[in-house]
> 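One structure, pasted below without further comment.
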Amino acid sequence: MDKFKFNINTKCNETKARTGTIVTPNGTVKTPIFMPVGTLASVKYVSPEELTDIEAGIILSNTYHLWLRPGEDIIKEAGGLHRFMNVKRPILTDSGGFQVFSLSSMRKITEEGVAFRNHLNGDALFLTPEKSIQIQNDLGADIIMSFDECPAYPATYEYMKESVDRTLRWAKRGKDAHKNPNQALFGIVQGGEFSDLREYSARKTVEMDFDGYSIGGTSVGESKPVMFKMIQDTVPFLPEDKPRYLMGVGTVDAILDGISQGVDMFDCVLPTRIARHGTAMTTIGRINIRNQQYDRDFTPLDPGCDCIACKNYTRAYLRHLIKNKEGLGMRLLSIHNLRFLIKLTQNAQEAIEEGRFKAFKDEMFERFGFNKGNTKGY
RNA sequence: GGAGGGGUAGCGAAGUGGUUAAACGCGGCUGACUGUAACUCAGCUCCCUACGGGUUCGGGGGUUCAAAUCCCUCCCCCUCCA
């Protein structure tokens with residue numbers, strides 16, 4: 001794979017944080033980075049133009065969901081995901097591995113792959129590592145993921161061992177099936193909460209030589225300390241010169257902790273989902289805009305934010321929109337939450353570059369009370 | 001003037017002698033949400049000194065061990081015919 005590059009720019013000398021640059025055929029982004037999720041080739045309620053405004057770098061999309069609708073053939077015919085969506089920035093597609101977790105009630109795992117029951121119409125589906133890669137080749141994202149099993153938490157050691165081995169075999173099969181040299185392929189480390197399995201999974205995955213590595217199996221129900229330890233048990237076994245991606249994590253505490261441990265990329269549906277349901281992540285903490293206390297609050301949602309929702313609208317108005325399930329309200333809050341997390345990682349980059357990341361992280365933990373009771377993480 | 005229908009918690013609407021502080025929906029309040037089956041889900045919503053107590057089903061009066069439910073009376077609303 002030649003068009004994909006990762007360079008480290010600055011390293012923090014108090015933590016393992018670093019800043020870097022990811023170069024892809026569709027653009028270059030700085031890390032650490034938060035990546036908005038657009039499962040169905042759309043970051044719900046947010047247009048690509050608005051994503052540009054809030055300086056979103058990479059965005060995600062999903063193999064499983066696009067496979068079902070509209071079908072990867074249609075997206076290929078459209079000229080790939082970028083043209084289909086009119087997105088002129090790097091795109092990353094998840095492999096469908098997360099659906100092994102989220103759609104666990106309607107799937108069966110076998111060595112060959114995963115038999116799903118189509119959640120839309122009940123059809124029998126079969127997703128294999130090779131199929132996932134083929135779909136992702138057709139979708140044409142800049143970064144694609146190995147098809148893995150994201151196991152639920154908690155899992156027994158025996159089950160996890162079996163799962164890790166299977167995911168390793170799937171990773172190998174996927175890598176062998178990967179045909180497009182313009183797409184970077186990432187491997188995914190699993191192992192749950194078991195330190196030795198994390199190390200084992202990491203070492204074996206790294207042996208296969210991927211373009212980047214993910215820490216998978218996080219935010220599936222475990223506590224924060226457990227998650228932080230999963231990161232700790234994985235990163236040391238990942239190569240320094242390849243990007244590290246903590247999958248599915250989007251709380252302030254976990255992003256900052258991840259960065260301090262040397263993670264470069266994060267993605268999460270949390271900011272957009274909670275936005276649609278009325279919760280804002282702000283520089284002064286969590287705000288549930290549905291709460292009655294905001295009905296006559298004509299101040300900005302987050303005084304410390306530069307997004308259009310905060311610059312142009314009041315809490316009272318946003319509350320009114322959300323209470324009435326108006327699309328505009330969901331859109332404005334989504335834009336705000338995404339901007340908030342993107343800005344957080346930009347601030348982290350700046351802090352790393354200026355040699356004050358540790359202080360920055362500590363200040364944020366203090367401000368949000370992550371060390372004293374705020375386990376929510378934002 | 002005549003005939004008929006109806007008044008139940010913020011609203012709509014069940015219930016027509018006991019298991020009813022009263023279904024259900026809406027509205028209201030609160031919470032949840034982490035590689036998106038999610039404009040979703042959960043709880044609370046008569047009052048209180050609240051694992052117990054106090055008052056409710058238009059008003060008043062009866063029958064009954066027991067009434068939102070049966071009887072009497074008054075008030076109010078709606079429809080149709082004059």
Side-chain angles (χ1 to χ4, degrees), chain A residues 34-46 58-66 68-69 92-107 116-122 125 132 136 141 143-151 153 186 188-190 212 214-224 226-227 230 245-255 258 263 265-281 286 288-295 319 321-334 337 341 375-378:
Chain A
F34 176 78
M35 309 180 289
V37 181
T39 304
L40 278 158
S42 159
V43 176
K44 296 188 193 299
Y45 286 91
V46 185
I58 302 175
I59 63 167
L60 258 69
S61 205
N62 183 278
T63 300
Y64 174 86
H65 290 285
L66 294 179
L68 304 197
R69 281 200 305 214
L92 182 156
T93 44
D94 186 29
S95 61
F98 185 72
Q99 278 59 49
V100 178
F101 165 77
S102 64
L103 301 177
S104 63
S105 63
M106 50 194 96
R107 57 84 175 135
F116 284 97
R117 187 58 58 185
N118 182 329
H119 69 278
L120 301 168
N121 60 19
L125 299 166
S132 173
Q136 295 187 81
I143 300 171
I144 67 176
M145 303 302 299
S146 290
F147 184 57
D148 65 333
E149 177 194 348
C150 178
Y153 176 90
F186 280 27
I188 303 176
V189 176
Q190 292 290 349
S214 292
I215 303 166
T218 48
S219 33
V220 289
E222 78 285 6
S223 68
K224 281 287 161 53
V226 170
M227 183 203 285
M230 287 170 169
Y245 164 26
L246 180 57
M247 306 186 82
V249 168
T251 58
V252 176
D253 60 347
I255 288 174
V263 174
M265 306 158 72
F266 304 85
D267 81 282
C268 200
V269 306
L270 190 68
T272 43
R273 180 179 293 166
I274 65 177
R276 271 176 272 128
H277 301 163
T279 300
M281 296 171 154
R286 186 162 22 111
N288 183 339
I289 203 65
R290 292 188 334 252
N291 287 178
Q292 190 166 41
Q293 60 175 298
Y294 303 115
D295 65 348
R319 169 176 144 92
L321 293 175
I322 290 291
K323 289 282 293 180
N324 288 285
K325 301 186 194 307
E326 281 291 332
L328 177 59
M330 302 191 219
R331 177 172 144 225
L332 290 170
L333 249 58
S334 295
N337 282 352
L341 288 184
T375 54
K376 228 171 173 51
Y378 57 94

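Here is the naming used below: chain letters follow the sequence lines, and residue numbers restart at 1 for every chain.
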> Scan G217(A) against the nucleic acid and name what it touches under 4.0 Å (heavy atoms): base, sugar-phosphate only, or nothing.
base
> For L92(A), which contact category applies under a 4.0 Å heavy-atom criterion: base, sugar-phosphate, or nothing?
nothing
> Identify the nucleotide, in any strand shown, that forms a Watson-Crick or G-U wobble pair with G35(B), with both distances under 3.5 Å; if there is none, say none.
none
> Give a yes or no on whether the backbone of M281(A) and the side-chain of R286(A) come within a donor-acceptor separation of less than 3.5 Å.
no
> The side chain of I274(A) is closest to which nucleotide in this list: C33(B), U34(B), G35(B)?
C33(B)
> In whole angstroms, how far is the C1' atom of G35(B) from the OH atom of Y64(A)?
15 Å
> Can you see if the side chain of N291(A) gets near the phosphate of G31(B) - specifically, an N or O under 4.0 Å from OP1 or OP2?
yes
> Between atom OH in Y294(A) and atom P in U30(B), what is the gap in whole Å?
10 Å
> Take the protein atom CD1 of I322(A) and the nucleotide atom P of A32(B), then report the distance between them rounded to whole Å.
16 Å
> Strictly under 4.0 angstrom, non-hydrogen atoms only: write out the protein contact profile of nucleotides 36-42 of chain B, one letter per nucleotide from the 5' end, B, S or -.
BBBBB--
> Look through every strand shown and name the nucleotide pairing with C24(B) as Watson-Crick or G-U wobble, where both distances are under 3.5 Å.
G12(B)
> Nearest-Å distance, CG (N324(A)) to C1' (C26(B))?
13 Å
> To the nearest Å, how far apart are M247(A) CE and U34(B) C1'?
12 Å
> In whole angstroms, how far is the P atom of U34(B) from the CZ atom of F101(A)?
8 Å
> Nearest heavy-atom pair of F266(A) and V249(A): which atoms, and what distance?
CB-O, 3.7 Å
> Scan E222(A) against the nucleic acid and name what it touches under 4.0 Å (heavy atoms): base, sugar-phosphate only, or nothing.
nothing
> State, without any angle test, whether T251(A) and D253(A) hold a side-chain donor-acceptor pair at a distance under 3.5 Å.
yes
> May I have the distance from Q292(A) (atom CD) to G27(B) (atom P), rounded to whole angstrom?
16 Å
> For C51(B), give its Watson-Crick or G-U wobble partner with both distances under 3.5 Å, or none.
none
> For U34(B) and K376(A) - does any side-chain N or O of the residue sit under 4.0 Å from the phosphate oxygens OP1/OP2?
no
> Closest heavy-atom contact between L66(A) and S61(A)?
CD1-OG, 3.4 Å
> Please answer whether the main-chain N or O of N291(A) pairs with a side-chain N or O of R319(A) as donor and acceptor at a distance below 3.5 Å.
yes
> Report yes if the distance between the aromatic ring centroids of F98(A) and H65(A) is under 6.0 Å, otherwise no.
no
> Specify the closest pair of heavy atoms between L341(A) and P271(A), including all atoms of both residues, with the distance to one decimal.
CD1-CG, 3.6 Å
